[in-house]
Protein chains: 2
Amino acid sequence: MGYTPLWAAIAHLLRQDIAEGRYAPGDKLPTEAQMSDRHGVNRHTVRHALAALVQEGLVRTRRGAGAFVAARPADYPLGKRVRFTENLRRAGRNPGREVLGMEARAATAEEAALLDVAQGAQILASHGRSFADGQPMSVSESIFPLERLPGLDAALAEGLGVTHALKAVGISDYTRASTRVSAVLATATQAVVLQVREGDPLLKTTSLNVDPEGVPVEFGRSWFAGDRITLTLED
Amino acid sequence: MGYTPLWAAIAHLLRQDIAEGRYAPGDKLPTEAQMSDRHGVNRHTVRHALAALVQEGLVRTRRGAGAFVAARPADYPLGKRVRFTENLRRAGRNPGREVLGMEARAATAEEAALLDVAQGAQILASHGRSFADGQPMSVSESIFPLERLPGLDAALAEGLGVTHALKAVGISDYTRASTRVSAVLATATQAVVLQVREGDPLLKTTSLNVDPEGVPVEFGRSWFAGDRITLTLED
DNA sequence: CGGTATTTGTTCGTATGTATT
DNA sequence: AAATACATACGAACAAATACC
């Protein structure tokens, strides 16, 4: 009854080697050929084991280069006040942010409802990417009610983060009203931007930020690389 | 430059078929042999495509039976006060809970630190499983400081939920002090208990519950089936 | 810088095991 | 009990990306 596939056994060995530090984060694992020789199995069997570890986020592979032990996840506090750069700086990591694109358009029905604006009202959709120590941490889409925040497009175009851009248009403080979290798998596009593999697990958060009066100022969706991030919720 | 592996193209076709309702949740997909015939590719290529969809949670396979379109995800609200059964009942679903096992033992260093007890103090570890409409939603491990909560083991053994069991030993209210969320992949054991596949994406939450005075009463880890659950945080 | 060797990725073929129908 | 269908495992070849000299 008990029965362990060869690939699972090899995956288990590698998992232990990593857990016990014989391979540290960043280290290169033996090549597939070496491992199949050592264990006396076909290369495909080794590949199956590696694929499992890659899926667990324990290992990353690069065609032509090799298989490497993945870096440890970063911690990312998520509370009422969400300040990406401040949070990361406090954690001793070097944060960065990049605006991937921006567009003004009419709100969809869903966006209008969430932001409490009229259907068809102008909104600003901003796509961004956040880094820690040069490594992509998240891609995000922010939807702003433009009529409520004139000049925001210019502020964001200057490369300001959301916090500073909002401040520039008079919103000195805002609060997260609700956040929804789920686990999804990276699409091809997301995989490229986040520098993960298509099918990697991502944490998807959908959040609504409101000003001190409770008026919505931003509706955002973020996708975090699941193996680099741990969201922390503090009450 | 653009280059799409055959398996990715086939996965894309299947994804569309599912998205556009040509295969509804629960439907059986064509067999691997049929698909490899139709597309004129090797069976392994079809298997690679199916593996990708299985990883996305869109498809489930059963050895000997076939590949089936997965059921749709559920929603699960998570606020300051987290009450699994109440939350689900409000969502119009029929919740259930099952105690998988329980053990009293000495606290590990990590557990002792989090629960603020002496190293080696007795703790109670309880393993449980939660359902909605008969479908497993989460497996969880709860660590309780036994010396602080005498009689809790008996209360839990009676099948009471955490809330009622704590009430029975004098904790009438408790609050989630912090929650950490990450995306992980199901281990073999978890896969069996959650009725998902090994390697499926799971939402892992690590939380600390404290009484009104701020004294820790429970340290819990939960693993949610990522494709059946969305955590909702409302402030 | 360029060419070559190395290494992972894709695809085919074939055989056998194991669970379900 | 037999047929069906997914799972595992072997072998071979070539493609694509990277590393190295």
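The sequence lines fix the lettering, A, B, ..., with proteins before strands; numbering per chain opens at 1.
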* Structure fact -> With sugar-phosphate taken as primed atoms, P, OP1 and OP2 and all else as base, the protein-contact string of nucleotides 3-11 of chain C at under 4.0 Å (heavy atoms; B, S, -) is ----BBBBB

* **Heavy-atom closest contact (L194(A) atom, V139(A) atom, distance)** =>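 Closest approach of L194(A) to V139(A), heavy atoms only: CD2-N, 3.7 Å.
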
* Asked: Looking at L50(B) and A67(B), what are the two nearest heavy atoms and their distance?
  ->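 Closest approach of L50(B) to A67(B): CD2-CB, 4.3 Å.
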
* D37(B) CG - dT4(D) C1' separation (whole Å) ->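 Rounding to the nearest Å, CG of D37(B) and C1' of dT4(D) are 15 Å apart.
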
* Asked: Does atom NE2 of H12(B) have more than 12 heavy-atom neighbours, drawn from other residues, nucleotides or ligands, at distances under 6.0 Å?
  ->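 No, because the 6.0 Å sphere around NE2 of H12(B) holds 12 heavy atoms or fewer from other groups.
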
* Under a 4.0 Å N-O cut-off, is there an ion pair linking E20(A) with R15(A)? ->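 Looking at E20(A) and R15(A), the cut-off is not met.
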
* Any side-chain heavy-atom pair from V59(A) and I18(A) closer than 4.5 angstrom? ->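 SC-SC contact between V59(A) and I18(A) confirmed.
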
* Taking a pair as Watson-Crick or G-U wobble with both distances under 3.5 Å, which nucleotide is matched to dA1(D)? ->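 By the stated definition (distances under 3.5 Å), nothing pairs with dA1(D).
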
